[in-house]
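Throughout, protein chains are lettered first and strands after them, A, B, ... in sequence-line order, and every chain is numbered starting at 1. Scope of the values below: all heavy atoms of this structure, side chains included, with no hydrogens, waters or symmetry mates.
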2 protein chains.
Amino acid sequence: MLTAFFSKNKLFILYGGLLALLLFLLKWLEYRFVVVNHAFEIYIGAIAIIFMALGIWLALKLTKPKVKTVIIEKEVFVNANPDFVFNENECNKLGISKRELEVLQLMSDGLSNGEIAEKLFVSLNTIKSHSSNLFEKLDVKRRTQAVEKAKRLNIIS
Amino acid sequence: MLTAFFSKNKLFILYGGLLALLLFLLKWLEYRFVVVNHAFEIYIGAIAIIFMALGIWLALKLTKPKVKTVIIEKEVFVNANPDFVFNENECNKLGISKRELEVLQLMSDGLSNGEIAEKLFVSLNTIKSHSSNLFEKLDVKRRTQAVEKAKRLNIIS
DNA sequence: GTTTCCTTCATACTTTGGGGTGATTTTACC
DNA sequence: GGTAAAATCACCCCAAAGTATGAAGGAAAC
């Protein structure tokens, strides 16, 4: 990119810039003692103001705004209610079996598939089957989504 | 260090370089066409450039206190928990940063690391870093546990 | 007795998650 | 000006999660 070029020639550009400034300062002094006409100076002033404004505009336009992130949590709801009532109806509607429900509950407790398998005395592959079936029935892609949705539907606590 | 200065004044240096280039171009033209008559134009140009640079410098210098509010929209669910109050105290105690909190919230929404990365416009590796830090701060091993614990502590909804 | 569903398990494969390390750049603060 | 924390990203490696497919035993239903 263009910035890459500039960052690689920082010193050169800096001294070039300083040199330029110095030269212009000299030039400016030179003309300062020659030009007495006031109209001319007004003209110069106008130019200066216009281009300074342009510079400000450019700087504001080309620099990304310093973002101070303020997180506004608006309407954040999730069901974390203490009075949980099992929604058997919803559970049946989705065709979730008893065993799958067990797996789902342990899932929401943060257990890994391996840990669930250990707890239920079955193999890891079995849990994988259950979880895959669960994801399909809940129409989700990941266990985190499954837990989130199941809680929302009051299938688990 | 010197490099710190350069990195902090990239734009200024850039325009300095451009200024230098333009100046040399003008100088070259001056010698080429014997420009005594063009001195006025050169002077005007110089004024314009100098004040534009000044404008840029001013803009960069004087726009420090810039605060931008970023509203993060979140999904609203039917079975909501209206009595969620963000436990800032707990959050600070655990040393969880703003960005980490964002990631944590999206995690609990069931998004994968890749999806979170997309949503926050950062790379996958960044999200991995954030989540790793989160797991350490929350003293958990998996994202599911992180979500569970964070909800329990009222850090997220 | 056949059908259907649940549960169990397997193998093979791909994707995602997570640990570890290190680096750069911003930002903020003293 | 120096320091510290936060945010960003990269690379490697391994573990866990998830997909696809198939299969076998058991219980209940018809």
Side-chain angles (χ1 to χ4, degrees), chain A residues 3-4 7 10 63-71 91-92 94-104 106-108 110-147, chain B residues 1-11 60 63-68 70 91-92 94-104 106-108 110-147:
Chain A
T3 50
S7 61
K10 278 174 187 168
T63 52
K64 54 181 179 182
K66 296 169 174 62
V67 181
K68 203 166 223 172
T69 316
V70 178
I71 304 174
C91 198
N92 289 334
L94 295 173
I96 293 176
S97 71
K98 256 182 300 178
R99 199 56 159 172
E100 285 166 348
L101 194 61
E102 281 185 87
V103 173
L104 188 54
L106 292 174
M107 234 179 223
S108 90
L111 301 198
S112 69
N113 284 339
E115 289 167 339
I116 297 174
E118 232 178 277
K119 202 153 195 165
L120 298 181
F121 302 108
V122 293
S123 85
L124 174 61
N125 288 311
T126 304
I127 302 302
K128 283 190 177 185
S129 285
H130 287 321
S131 55
S132 277
N133 292 333
L134 273 169
F135 298 156
E136 184 141 353
K137 287 174 181 175
L138 285 169
D139 189 31
V140 295
K141 289 245 156 236
R142 275 175 292 284
R143 57 176 41 224
T144 43
Q145 290 178 341
V147 169
Chain B
M1 265 285 285
L2 208 62
T3 49
F5 170 79
F6 287 119
S7 61
K8 280 179 183 174
N9 297 278
K10 273 179 189 167
L11 203 68
L60 289 179
T63 55
K64 278 293 176 188
K66 199 184 296 179
V67 178
K68 195 167 189 179
V70 176
C91 199
N92 289 333
L94 294 173
I96 294 175
S97 72
K98 261 183 296 183
R99 199 58 159 170
E100 285 166 349
L101 194 61
E102 283 184 87
V103 173
L104 188 55
L106 293 173
M107 232 179 224
S108 91
L111 302 198
S112 69
N113 285 337
E115 289 168 336
I116 296 174
E118 244 180 80
K119 200 153 197 167
L120 297 182
F121 302 107
V122 295
S123 84
L124 175 59
N125 288 311
T126 304
I127 301 303
K128 283 188 175 185
S129 287
H130 286 320
S131 55
S132 277
N133 294 332
L134 273 170
F135 298 155
E136 183 143 353
K137 287 173 181 176
L138 285 169
D139 189 31
V140 295
K141 290 246 157 235
R142 275 175 294 282
R143 55 176 43 221
T144 42
Q145 290 178 343
V147 169

Restricting to pairs with a member in residues 118-140 of chain A, which pass salt bridge (charged side-chain N to carboxylate O under 4.0 Å, His left out), not counting sequence neighbours?
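Every pair satisfying salt bridge (charged side-chain N to carboxylate O under 4.0 Å, His left out) with a residue in residues 118-140 of chain A: A/E100-A/K137.
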Between atom [atom1] in [X] and atom [atom2] in [N], what is the gap in whole Å?
X: A/L94; N: C/dC6; atom1: CG; atom2: P; answer: 13 Å
X: B/E136; N: C/dT21; atom1: CD; atom2: P; answer: 11 Å
X: A/L120; N: C/dC9; atom1: CG; atom2: C1'; answer: 15 Å
X: B/R99; N: C/dT26; atom1: CZ; atom2: C1'; answer: 13 Å
X: A/N92; N: C/dC5; atom1: CG; atom2: P; answer: 15 Å
X: A/N125; N: D/dT21; atom1: CG; atom2: C1'; answer: 12 Å
X: B/I127; N: D/dC9; atom1: CD1; atom2: P; answer: 9 Å
X: A/L134; N: C/dC5; atom1: CG; atom2: C1'; answer: 15 Å

With sequence neighbours left out, write down each residue that passes side-chain contact (heavy atoms from CB on, under 4.5 Å) with A/S123, or none if nothing qualifies.
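Partners of A/S123 under the side-chain contact (heavy atoms from CB on, under 4.5 Å) test: A/N125, A/T126.
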Just jot down the side-chain contact (heavy atoms from CB on, under 4.5 Å) partners of B/S129, sequence neighbours excluded, or say none.
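side-chain contact (heavy atoms from CB on, under 4.5 Å) list for B/S129, sorted by chain: empty.
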State the [atom1]-[atom2] distance between [X] and [Y], to the nearest 0.5 angstrom.
X: A/K98; Y: A/L101; atom1: NZ; atom2: CG; value: 10.5 Å
X: A/S97; Y: A/L134; atom1: OG; atom2: CG; value: 7.5 Å
X: B/L111; Y: A/T144; atom1: CG; atom2: OG1; value: 8.0 Å

Sequence-aligned protein contact record of nucleotides 22-27 of chain D, with B where the base is within under 4.0 Å of a protein heavy atom and S where only the sugar-phosphate is:
------
So if I take the C1' atoms of five pairs at each end of the helix from C/dG1-D/dC30 to C/dC30-D/dG1 and get each local axis, what angle do the two axes make, rounded to 10 degrees?
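Comparing the first five pairs with the last five, the axes sit 50° apart.
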Any side-chain heavy-atom pair from B/L120 and B/L106 closer than 4.5 angstrom?
yes
Side-chain touch A/I116/A/M107, heavy atoms, less than 4.5 angstrom:
yes
Expected rows: protein N/O vs nucleotides 13-17 of chain C N/O, under 3.5 Å:
from, atom 1, to, atom 2, distance (Å)
C/dG17, OP1, B/N113, N, 3.3
C/dG17, OP2, B/N113, N, 3.2

Mind checking A/S123 for me? I need base, sugar-phosphate or nothing, with any heavy atom below 4.0 Å counting as a touch.
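Sugar-phosphate contact only.
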Any base atoms under 4.0 Å from A/S132, or only sugar-phosphate, or nothing? Heavy atoms, all strands.
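Here A/S132 touches the bases of the nucleic acid.
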Quick check on D/dA7: is either OP1 or OP2 less than 4.0 Å from any side-chain nitrogen or oxygen of B/T126?
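Checking D/dA7 against B/T126, no side-chain N or O comes under 4.0 Å of OP1 or OP2.
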Check whether any side-chain N or O of A/H130 sits under 4.0 Å from OP1 or OP2 of C/dT8, and answer yes or no.
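Indeed, a polar side-chain atom of A/H130 lies that close.
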Between A/N133 and B/K141, name the one whose nearest nucleotide on DNA chain C is closer to the 5' end.
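With A/N133 and B/K141 compared, the 5'-side residue is A/N133.
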Residue met sooner reading DNA chain C from 5', once A/G95 and B/V140 are mapped to nucleotides
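Nearest nucleotide further toward 5': that of A/G95.
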Would A/R143 and A/N113 count as a side-chain contact (heavy atoms from CB on, under 4.5 Å) here? Give the steps.
CA-CA 10 Å; A/R143 57 176 41 224; A/N113 284 339; 2.2 Å; yes
Can you list everything that forms a side-chain hydrogen bond (donor to acceptor under 3.5 Å, both in side chains) with A/S131? Sequence neighbours excluded, please.
none
Which atom names give the shortest non-hydrogen contact between A/G114 and A/L124, and what distance separates them?
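That closest heavy-atom pairing would be N-CD1, 3.7 Å.
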Any Lys/Arg nitrogen of A/R142 or B/E115 sitting under 4.0 Å from an Asp/Glu carboxylate oxygen of the other?
yes
